**Q** 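Encoded as structure tokens, here's the structure I'll be asking about.
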Amino acid sequence: MSPSRTGPETGRPVTAPEIDNAGLAGHERLRLVVGVDGSYGSHLALKWAAAQARDRHATLDIVAVWEQLVPPDPEVARHPDGQLHAARERLERALTLLAEERALPEHVITAPLHGPPGEQLVRRAREAELLVLGTTGISSPEIPGGIGLYCLRHSTTPVVFVPAPSP
């Protein structure tokens, strides 16, 4: 299922193919990976990464990671696809935001990935040019959170943090 929304200027759906990690094999175009989690910091990272992808004629790879809670929340147990659905909704919101701002690069792919967020982001960015993340936001607008620090320590791809403006 590919995320899609209606584009503001055309009235047609804005779509991006959903490609899992195995589907990236042989992907020849430069790729910038950006993690989205619905936060203001990830919103800023998405906009920055989209501009970079346009400038570099690269593919924007938008990733939303979800992880199973242990023990599972009773509500999640009743709806096992709920977290996957939520990740896909984050991807749809990201596409919609870029379309509304007329900021979509020419090439966009998406991926809802399951597992520990840091590990999944690092794995996804292995052959990419950059891994782009937001910072933690309100209390510390310029400091990466735990997932960002994991990515800094383990990624072989350069990691860019897009800071939130200071309050």
Side-chain angles (χ1 to χ4, degrees), residues 1-66 86-113 117-138 141-145 147-152 154-166:
M1 173 181 175
S2 294
S4 66
R5 293 283 181 166
T6 301
E9 65 279 348
T10 64
R12 292 187 309 232
V14 175
T15 62
E18 207 174 270
I19 299 176
D20 63 13
N21 288 339
L24 290 176
H27 188 81
E28 295 178 19
R29 179 177 294 280
L30 293 177
R31 192 167 48 89
L32 306 176
V33 176
V34 60
V36 295
D37 64 5
S39 69
Y40 180 63
S42 76
H43 165 84
L44 295 174
L46 173 68
K47 288 173 57 175
W48 187 88
Q52 291 295 308
R54 285 191 313 278
D55 291 349
R56 298 169 186 226
H57 305 286
T59 296
L60 179 63
D61 188 355
I62 308 171
V63 177
V65 181
W66 59 280
R88 284 186 169 136
E89 283 183 344
R90 284 195 304 273
L91 295 169
E92 287 179 7
R93 281 193 300 274
L95 286 171
T96 300
L97 169 80
L98 294 176
E100 288 173 354
E101 295 183 3
R102 291 179 169 77
L104 271 170
E106 186 176 347
H107 302 280
V108 180
I109 60 176
T110 63
L113 300 176
E119 289 177 22
Q120 290 298 319
L121 289 165
V122 166
R123 181 175 300 133
R124 183 68 174 199
R126 265 196 197 122
E127 302 296 322
E129 187 173 335
L130 292 175
L131 171 57
V132 182
L133 302 170
T135 55
T136 56
I138 296 169
E142 298 171 357
I143 300 172
I147 293 168
L149 292 174
Y150 178 94
C151 293
L152 262 179
H154 296 93
S155 181
T156 56
T157 300
V159 180
V160 173
F161 289 100
V162 178
S166 297

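Residue numbers start at 1 and run along the sequence shown. Please read these numbers as outputs of a predicted model, since none were measured by experiment.
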**Q** Checking side chain to side chain contact (heavy atoms under 4.5 Å, CB included) against V34, which of L133, L131, V162, V132 comes through?
**A** V132
**Q** Answer yes or no: is there a side-chain heavy-atom contact under 4.5 Å between L24 and E127?
**A** no
**Q** Please give me the minimum heavy-atom distance between G134 and A45, naming the atom from each residue.
**A** N-CB, 3.5 Å
**Q** Heavy-atom distance under 4.5 Å between the side chains of E129 and Q52, does that happen here?
**A** no
**Q** Can you tell me how far CG of L130 sits from CZ of R56, rounded to the nearest 0.5 angstrom?
**A** 5.0 Å
**Q** Considering only heavy atoms from C-beta outward, does the side chain of V65 approach that of I147 to under 4.5 Å?
**A** no
**Q** H57: what forms a ring-ring contact (aromatic ring centres under 6.0 Å, His included) with it, not counting sequence neighbours?
**A** none
**Q** Is any side-chain heavy atom of T157 less than 4.5 Å from a side-chain heavy atom of V33?
**A** no
**Q** Going by the rule side-chain hydrogen bond (donor to acceptor under 3.5 Å, both in side chains), which residues pair with H107 if we only count those two or more places apart in sequence or in a different chain?
**A** R29
**Q** What are the two closest non-hydrogen atoms of V36 and A94, and how far apart are they?
**A** CG1-CB, 4.4 Å
**Q** Determine the minimum heavy-atom distance between G35 and L121, stating which atoms define it.
**A** CA-CD2, 4.0 Å
**Q** Check A103 against A50 and note the closest heavy-atom contact, atom names and distance.
**A** O-CB, 3.6 Å
**Q** Could you pull out all residues at least two apart from F161 that satisfy ring-ring contact (aromatic ring centres under 6.0 Å, His included)?
**A** none
**Q** CH2 of W48 to CG of L32: how many Å apart, nearest 0.5 Å?
**A** 7.5 Å
**Q** Out of curiosity, L91 CG to T110 OG1, how far, rounded to the nearest 0.5 Å?
**A** 5.0 Å
**Q** For D37 and S39, test the side chains for any donor-to-acceptor distance below 3.5 angstrom and give the result as yes or no.
**A** yes
**Q** Just verifying a value: how many Å separate L97 CG and E92 CD, rounded to the nearest 0.5 Å?
**A** 13.5 Å
**Q** With rounding to the nearest 0.5 angstrom, report the CG to NE2 distance, L46 to H43.
**A** 7.5 Å
**Q** Could you tell me which non-hydrogen atom of R31 sits nearest to which non-hydrogen atom of A128, and how far apart they are?
**A** O-CB, 3.3 Å
**Q** Is there side-chain contact between V63 and Q120, with heavy atoms separated by less than 4.5 Å?
**A** no
**Q** Is there side-chain contact between R126 and N21, with heavy atoms separated by less than 4.5 Å?
**A** no
**Q** When rounded to the nearest 0.5 angstrom, what is the spacing between CZ in R123 and OG in S155?
**A** 12.5 Å
